[in-house]
Amino acid sequence: MPRPDADAYDFAAIQEKWLPVWEELELFRAGREGDTRPRKYVLDMFPYPSGDLHMGHAEAFGFGDISARYWRHQGFDVLHPIGWDSFGLPAENAAIKRGADPREWTYSNIAQQKRSFRQYAPSFDWSRELHTSDPEYYKWNQWLFLKLYEQGIAYRKAGQVNWCPNDQTVLANEQVVDGHCERCGAVVTKKALTQWYFRVTDYADRLLDDLNQLEGTWPSKVVSMQRNWIGRSSGADVEFEIEGRDERVTVFTTRPDTLYGATFMVVAVDSPLAAELAAGASTEVQRNFEGYLDSVRAESDIDRLATDRPKTGVFLERYAVNPLNGERLPIWASDYVLADYGHGAIMAVPAHDQRDLDFARAFELPVRVVVDTNAPVTGVIPVIPTDADGNAIEPDDLPPLDPASTGVALTGEGRLINSGPLDGLSKSNAIRRAIEILDERGTGRAAKNFRLRDWLISRQRFWGTPIPIIHCADCGEVPVPESELPVRLPDAAGLDLKPKGTSPLGAAEAWVNVTCPNCGGAAKRDSDTMDTFVDSSWYYLRYLNANDDTRAFDPAEAEKWAPVDQYVGGVEHAILHLLYSRFITKVLFDLGYLRFTEPFTSLLNQGMVLMDGSKMSKSKGNLVEFASELAAHGTDALRVTLAFAGPPEDDIDWADVSPVGSAKFLARAWRIAHDVTSAPEVDWSTGDRALRRASHRLLADAPGLAESYKFNVIVARLMELVNLTRKAIDQGPGPADAAVREAAEVTAMVLDLFAPFTAEDMWQRLGYEPSVALVPWRKADPALLVEDQVTAIVQVDGKVRDRLEVSPKVSGEELERLARDSAAVARAIGEREIVNVIVRAPKLVNIATRG
RNA sequence: GCCCCCAUAGCCCAACCGGCAGAGGCAGGCGGCUUAAACCCGCUCAAGUCUGGGUUCGAAUCCCAGUGGGGGCACCA
């Protein structure tokens, strides 16, 4: 039937109608004076203002908004803020290209994205909006830096750092992916520079151990990625005397039990130790060493990362002394030992370490077995292999302990041999005992090492937070006094922002030349800026007092709102941002500003939006544009489509979903509100029972579904309810029935999670004032959740043979009797003997027979 | 090389503690409305849960092995 225009669902008109009303009401301002509701903090990872919103934003912010709206409907005062991660390289690159100010590019992008956000209608508290590129924000970034500096957590050191030749800046370890720059993809090289670091390794143990708290509320994938990244290994530091050198050399090993099997020592070719040892050797060795070092330096990181490459190295003609047995160990330099892990030197035990074995075989160095991996170990049940006839294969067929000829290192369990006092001990006992012996002799101790490196935070860029340090020839590093913060960025006008390997800030003469706050002499500002991950490491706290210019945040507000209850964002930050935030949170805890140690109580990673199975990109021509989808289908249909597509953490292929289908569903729901003819005062209890039960089942199930992120299932359940309501109107009790109104109201309340415009319009149509977003969900009536009749299944030998309509309160005996009386069941049993009857009243009877 | 996750109608996905494989959608089919088509409305179709074993009265669900797909770490001593 063609419908008159007044009855047509027009998403554009509904959006136009409600946006100004909502803005006027400021519905989502959190923390109002006198609000006594319990609180929730729901946070989306803040966006980088790259141009306009895209489908990825639509998905992530959609899920965040579902969560925020859900908690409001549960009666919470919800803090759901938004801001902009607005420092960073793209602004600078755009500025270089167009000769403009990065500021201008950034803030006009923000304005554009805000316009799109307005249409998309997430329930943000806009009064707390922040921009990390505002001096009002980065002032506190500098404050944070100074706090870390006071604690010795921020420090400067020289070293070989990751260098992106394209962006002309250094990178943190976390920003190098497979040897490539995480941002631009260029091959990363090494450069010797003095840079600022944060001592994240001091927190490595806590960062690792506290992951246990997040188990279950963070995606297990993220937890395991962080564990891998931190990479703790425990063992011992062992000190070796070096002939012709006063100081001992310390090496880290996870296998101190194999000390008697050490046959040589290897130092990282690019370490200062290698250079020093070579310098003390013959000129020929020095020449070899220099040649080798040059060849290693010429190799890219990519080559170095390749596995299975042959071992290379040079003998330094120097010797170390094994602290346990006094043996002389030749010292080699090689690139398979890393200068910045452990102590840049290792004891090589070729029999029990594959890398050492490969090296030993390449240079014909001795291999000595000290763990008998064929010996049975207590607590390990020996597996006795059998041959084809089932006869046990005799132990003399065990593989020989000969790694030198097999080429396979013996890394398994076993018992120590050829190891003096350790002989006969199992691997783990020998490790313990070896550490004791080292301790007693003062030549070693238990030690831990981490894969995690300190966080390099300096960047040779313009568009970032200036590091608040002044370099004075007489006083050295002098922190800018807190009262002089912020150290503002100079005007970009007149500055050459082109990458040239040093910060563009260094050329801003008037800015960089200052007087030393300490001695008043001539001094220079540090011209580097901070990694933008510093900005985002604590932004969740700034939202609590976004407009307070007297402090970074108020610990009392943190006490009220933080940590974040629900964090939503992409898995691409599994290590980077999330690790840094966890670290800074722990630092602020130690400084007494916070009373919790983990920033994000639970985390949801949304999947990606794909098109035809692959990532969308302009070059592939498979781009689905947010703006055009929004214009074509409207905000609500877009949001419903994304929520309904599947579990939020799964990728969504746009080819598999139907925004048109979502729009149809919304129109159906909306029309129901128009069909309702009863008044809001109608007595629910008079309504159709079957429809009422459906409404109350949804009320009962929706909270559990929402809290386990099963948004797609809630949408499906809404569709089910809408279908049932339609049927009740057309073919059942009719539009005047109280249950129809009740179902329509429940639909509006739950639909608000996904389709706020449609829900609001339904709500008004049903006779209520805005906003449905603030209405607490009703509690399900338990009386409506129990069925009058349930279907019990009767199985014979696990196969369904009959169904019985019974009362939900039926007794086991009664149900069994009914089942035995069934003709279908009797037929299925036939002549066979019944051996067992399992009764699970009221749902099931299973009759097991013999044969 | 090591570790982790996933596999259900043509497609996207549900299925509580192991208890009727189906909630919902897309696509398809039939019908109604329409001069006609679209929209809309109604009805309908479809898999035995990747393969092979095991545990169990009973397995999509638990265990083992394999296949296929996705991800993380990888010369870290």
Side-chain angles (χ1 to χ4, degrees), chain A residues 1-3 8-9 178 219-229 231-233 235-236 238 251-255 258 266 268 304-309 311 334-338 340-349 352-356 358-359 449-453 571 574-575 640-641 644-647 649-653 655-658 660-662 664-665 667-668 671 697 701 704-705 708 710 712-723 726-727 730-731 791-803 834-840 843-849:
Chain A
M1 202 182 11
R3 293 178 174 275
Y9 173 77
D178 288 334
S220 55
K221 180 180 165 170
V222 175
V223 172
S224 80
M225 282 171 76
Q226 292 224 355
R227 286 203 178 108
N228 276 336
W229 190 261
R232 177 165 61 198
S233 52
V238 184
V251 305
F252 173 72
T253 177
T254 55
R255 295 294 303 275
T258 61
V266 185
R304 239 194 121 157
L305 284 171
T307 49
D308 288 347
R309 54 199 284 275
K311 292 281 182 286
S334 175
D335 65 351
Y336 86 92
V337 171
L338 306 177
D340 58 353
Y341 183 79
H343 307 283
I346 62 152
M347 63 176 216
V349 185
H352 305 288
D353 181 283
Q354 191 60 47
R355 296 152 302 188
D356 296 345
D358 294 342
F359 192 85
N449 247 299
F450 298 91
R451 221 189 64 93
L452 181 72
R453 304 297 147 85
V571 72
I575 294 168
V640 166
T641 302
F644 182 54
E649 54 278 0
D650 287 6
D651 289 346
I652 297 170
D653 194 328
D656 292 333
V657 299
S658 168
V660 173
S662 303
K664 280 189 205 172
F665 156 65
R668 274 164 71 79
R671 255 183 265 117
R697 268 203 311 272
D701 294 347
L705 290 167
S708 51
K710 295 188 175 180
N712 55 326
V713 180
I714 301 181
V715 175
R717 295 287 303 272
L718 275 168
M719 290 173 170
E720 192 182 4
L721 182 60
V722 166
N723 289 346
R726 180 81 261 152
K727 240 173 225 165
D730 293 346
Q731 298 154 34
T791 307
I793 301 305
V794 186
Q795 299 175 327
V796 177
D797 294 325
K799 293 203 174 59
V800 179
R801 297 301 182 189
D802 201 6
R803 283 145 222 265
I834 295 172
V835 292
N836 196 7
V837 181
I838 294 96
V839 182
R840 294 281 180 275
K843 294 179 77 175
L844 170 126
V845 178
N846 188 15
I847 298 169
T849 67

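Proteins come first, then strands; the chains are lettered A, B, ... in the order of their sequence lines, and each starts at number 1. The model shown is predicted, which means the values in this text are computed figures rather than measured ones.
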| query | Just to confirm, is there a sub-4.0 Å distance from OP1 or OP2 of B/C12 to any side-chain nitrogen or oxygen of A/S658? | reply | no

| query | Using a cut-off of less than 4.0 Å, is there contact between a side-chain N or O of A/Y336 and OP1 or OP2 of B/A77? | reply | no

| request: Classify the side chain of A/Q731 and the base of B/G42 as holding, or not holding, a donor-acceptor pair under 3.5 Å. | output: no

| query | Would you say the side chain of A/N846 and the base of B/C57 hold a donor-acceptor pair, judged only by whether the two atoms sit under 3.5 Å apart? | reply | yes

| remark: chi for B/G53 classified (syn = within 90 degrees of 0, anti otherwise) as anti

| task | Decide, for B/C62, between syn and anti: a glycosidic angle within 90° of 0 counts as syn, anything else as anti. | result | anti

Which nucleotide wins on minimum distance to the side chain of [X], given the candidates [options]?
| X | options | value |
| --- | --- | --- |
| A/A716 | B/A23, B/C43, B/C40 | B/A23 |
| A/D656 | B/C57, B/C11, B/A77 | B/C11 |
| A/I346 | B/G25, B/A77, B/C57 | B/A77 |
| A/W229 | B/C11, B/G19, B/C73 | B/C73 |
| A/N723 | B/C41, B/G24, B/C43 | B/G24 |
| A/F644 | B/A77, B/G25, B/C20 | B/G25 |
| A/T254 | B/C41, B/G24, B/A77 | B/A77 |
| A/D353 | B/A77, B/C57, B/C20 | B/A77 |
| A/R840 | B/C43, B/A14, B/C57 | B/C57 |
| A/R803 | B/C26, B/G24, B/C20 | B/C20 |

Mind checking [X] for me? I need base, sugar-phosphate or nothing, with any heavy atom below 4.0 Å counting as a touch.
| X | answer |
| --- | --- |
| A/E720 | sugar-phosphate |
| A/T253 | sugar-phosphate |
| A/S220 | nothing |
| A/K710 | sugar-phosphate |

Does [N] have a Watson-Crick or wobble mate here (both distances under 3.5 Å), and if so which one?
| N | value |
| --- | --- |
| B/C20 | none |
| B/G58 | none |
| B/G66 | B/C50 |
| B/C2 | B/G72 |

| note | Of A/P647 and A/V660, the one whose closest nucleotide on RNA chain B sits nearer the 5' end is A/P647

| message | Let me spell it out: for each of A/R453 and A/K727, pick the nucleotide of RNA chain B with the closest heavy atom. Which residue's pick is nearer the 5' end? | response | A/K727

When you compare [N] with [M], how far apart are their [atom1] atoms, in angstrom units rounded to a whole number?
| N | M | atom1 | value |
| --- | --- | --- | --- |
| B/U8 | B/G1 | P | 27 Å |
| B/C50 | B/C45 | C1' | 25 Å |
| B/C64 | B/C6 | P | 13 Å |
| B/G70 | B/C17 | P | 30 Å |
| B/U67 | B/A15 | P | 29 Å |
| B/G53 | B/A46 | C1' | 30 Å |
| B/C39 | B/A21 | C1' | 35 Å |
| B/A27 | B/G71 | P | 30 Å |

Nearest-Å distance, [atom1] ([X]) to [atom2] ([N])?
| X | N | atom1 | atom2 | result |
| --- | --- | --- | --- | --- |
| A/K221 | B/G72 | NZ | P | 6 Å |
| A/D650 | B/G25 | CG | P | 20 Å |
| A/F450 | B/C73 | CZ | C1' | 17 Å |
| A/N228 | B/C5 | CG | P | 13 Å |
| A/R671 | B/G42 | CZ | P | 9 Å |
| A/R801 | B/C57 | CZ | P | 19 Å |
| A/L844 | B/C57 | CG | P | 14 Å |
| A/R227 | B/G71 | CZ | P | 22 Å |

Taking the side chain as every heavy atom from C-beta outward, state whether [X] and [Y] have any atom pair closer than 4.5 Å.
| X | Y | answer |
| --- | --- | --- |
| A/L718 | A/F665 | yes |
| A/R803 | A/I793 | yes |
| A/M347 | A/T258 | yes |
| A/N712 | A/P647 | yes |

| field | Working for side chain to side chain contact (heavy atoms under 4.5 Å, CB included), residues A/E649 and A/V571 | value | CA-CA 9 Å; A/E649 54 278 0; A/V571 72; over 6 Å; no

| field | A/D701 with A/R697: basic N within carboxylate O range, under 4.0 Å | value | no

| request: Under the side chain to side chain contact (heavy atoms under 4.5 Å, CB included) rule, what do A/R255 and A/V349 come out as? Steps first, then yes or no, please. | output: CA-CA 9 Å; A/R255 295 294 303 275; A/V349 185; over 6 Å; no

| Any cation-pi pair here, A/K311 with A/Y336, using under 6.0 Å and within 45°? | yes

| field | N/O donor-acceptor pair under 3.5 Å between A/D353 side chain and A/A348 backbone | value | no

| query | Are A/N846 and A/R840 close enough that a side-chain donor and a side-chain acceptor fall under 3.5 Å? | reply | no

| note | Given protein heavy atoms under 4.0 Å, the one-letter contact record of nucleotides 48-56 of chain B, with B base, S sugar-phosphate only and - none, is simply ---------

| field | CE on A/M225 to NZ on A/K221, rounded to 0.5 Å | value | 6.0 Å

